[in-house]
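Data block below; observations after.
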Amino acid sequence: MTSVHPPPAPGRELSNPPADGISNLRFSNHSDHLLVSSWDKTVRLYDASANSLRGEFMHGGPVLDCCFHDDSSGFSASADNTVRRIVFSHGKEDILGRHDAPVRCIEYSYAAGQVITGSWDKTLKCWDPRGASGQERTLVGTYPQPERVYSLSLVGNRLVVATAGRHVNVYDLRNMSQPEQRRESSLKYQTRCVRCYPNGTGYALSSVEGRVAMEFFDLSEASQAKKYAFKCHRKSEAGRDIVYPVNAIAFHPVYGTFATGGCDGFVNVWDGNNKKRLYQYSKYPTSIAALSFSRDGRLLAVASSYTFEEGDKPHEPDAIFTRSVNEIEVKPKPKVYPNPPA
């Protein structure tokens, strides 16, 4: 397929990027503010539209994840085992609590008013940030997991927890005493990322072996018949398949299509319902570590940041790009049915 148009630029590069690997980035639900966690022990707050750094918050260890509470505060998960709340305007931080090992993932549930963290200590913890005067008062519960927690995702009252050993636990936040469903990943290799569908019917899960599985919560035969998996982020060279980890999945808030980012430096956009790739952006300088669409789906933030999948080696500097999303890249294409014979 030849195109006369030059490939679009990777987007606008944000100034003052983190000084080490980017672990995650997320847009706010209320504005074009972007929260970024990094191995350089910082959480950074950017205004993506203005390309300005609004705040920088130092931690005691690498920061493995972050999320917004609202536009004035957020939460972070650190390798120093702490869970913190950051108040942007005052530049202050509280420690909400601790795990017994690095905290890998963090989510804020608007439905439950709780912070949910997953750790390599093989537990999930729920915190009430309103009780920040003491750890005993902030911890709502601790829930053992079969293995180290690698990825979390929320939709409404549903929580999906993906761990080492390819386990997937599905919870109802209103009754955390035990998982609603205990599952195994349908992919053969280690899970990298899990993200719930915006419509609440299931989740997408990616692995280190260039695949994504599309799963459904409803256990009826009809719903389970819809699940499938597909290969992506791989290339053929001299007759050999080179396969890359799929580090990131981000759903478009308007159309329900989704982007994936891999260690091949590519971002692809997929229409999961019609099983089609809609778009591939031109290659980024290094691995895609994280992706996030803005609340209206008009911007896509891309972390181009080497994830050390090939060990310590010279690599491109860590960078954050924000790109304007064109509807043609993310909107499902209507199915074309052949005309019935006359």
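The analysis underlying the following values was restricted to heavy atoms, covering all of them including side chains, and did not include hydrogens, waters or symmetry mates.
- Figure legend: cation-pi geometry between Lys275 and Tyr228, with NZ or CZ positioned under 6.0 Å from the six-membered ring centre and within 45° of its axis.
- Of all the heavy atoms in Thr123 and Val149, the pair that sits closest is O-CG2, 3.8 Å.
- Tyr255 pairs by the ring pair (Phe, Tyr, Trp, His ring centres under 6.0 Å) definition with His252, not counting sequence neighbours.
- Other members of the cluster containing Leu219 do not exist, because no ILVMFWY side chain is joined to it at under 4.5 Å.
- Nearest heavy-atom pair, Ile95 versus Thr82, reported as atom, atom and distance to 0.1 Å: CD1-CG2, 4.1 Å.
- In summary, of the residues considered (Thr322, Val267, Val330), a side chain to side chain contact (heavy atoms under 4.5 Å, CB included) with Leu300 occurs for Val267 alone.
- Partners of Glu180 according to the salt bridge (Lys or Arg N to Asp or Glu O under 4.0 Å) rule, which considers only residues two or more places apart in sequence or in another chain, are Arg158.
- With hydrogens and angles ignored, the 3.5 Å screen pairs a side-chain donor or acceptor of Ser207 with a backbone N or O of Glu209.
- In this structure the side chain of Val36 reaches within 4.5 angstrom of the side chain of Ile22, judged on heavy atoms.
- A salt bridge is absent between Glu329 and Arg323; no separation between the charged side-chain nitrogens and carboxylate oxygens falls under 4.0 Å.
- Judged by the 6.0 Å distance and 45° axis criteria, Lys227 is not positioned over the aromatic ring of Phe216.
- When each of Ile249, Leu187, Thr260 is paired with Ser206, the side chain to side chain contact (heavy atoms under 4.5 Å, CB included) condition holds for Ile249 and for no other.
- In the model, Asn24 has a side-chain atom that pairs as donor or acceptor with a side-chain atom of Asp65 under 3.5 Å.
- The number of heavy atoms from other shown groups lying within 6.0 Å of NZ (Lys188) does not exceed 12.
- Summarising the geometry of Gly60 relative to Arg84, their closest heavy-atom pair is N-NH2, 3.6 Å, with the distance given to 0.1 Å.
- By the 4.0 Å N-to-carboxylate-O rule, Arg295 lies close enough to Asp32 to be salt-bridged with it.
- Considering all non-hydrogen atoms of both residues, Gly156 and Leu173 come closest at O-CD1, 4.2 Å.
- Scored by the side chain to side chain contact (heavy atoms under 4.5 Å, CB included) test, Ile242 finds Lys235, Glu237, Tyr244 as partners (sequence neighbours excluded).
- The salt bridge (Lys or Arg N to Asp or Glu O under 4.0 Å) test applied to Asp312 returns no partner, not counting sequence neighbours.
- Checked options Ile116, Val115, Asn29; the residue passing with Tyr108 is Val115 (criterion: side chain to side chain contact (heavy atoms under 4.5 Å, CB included)).
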Apply side-chain hydrogen bond (donor to acceptor under 3.5 Å, both in side chains) to Arg192 and Asn247, showing your working. CA-CA 6 Å; Arg192 260 298 149 90; Asn247 297 323; 2.7 Å; yes
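- Salt-bridge check for Arg234 with Asp241: passed, with a basic side-chain N closer than 4.0 Å to an acidic carboxylate O.
- Of all the heavy atoms in Trp120 and Ala101, the pair that sits closest is C-CB, 3.8 Å.
- Partners of Glu56 by salt bridge (Lys or Arg N to Asp or Glu O under 4.0 Å), not counting sequence neighbours, listed by chain and number: Arg44.
- Using a distance-only test at 3.5 Å, with no hydrogens or angles considered, no donor-acceptor pair links the side chain of Arg148 to the main chain of Gly165.
- Arg104 and Leu64 get closest at one heavy-atom pair: NH1-O, 3.2 Å.
- Judged by distance alone, the side chains of Ser186 and Glu215 do bring a donor and an acceptor atom under 3.5 Å apart.
- At least one side-chain heavy atom of Asn268 sits less than 4.5 Å from a side-chain heavy atom of His233.
- Side chains of Arg195 and Tyr203 form no contact here, defined as non-hydrogen atoms less than 4.5 Å apart.
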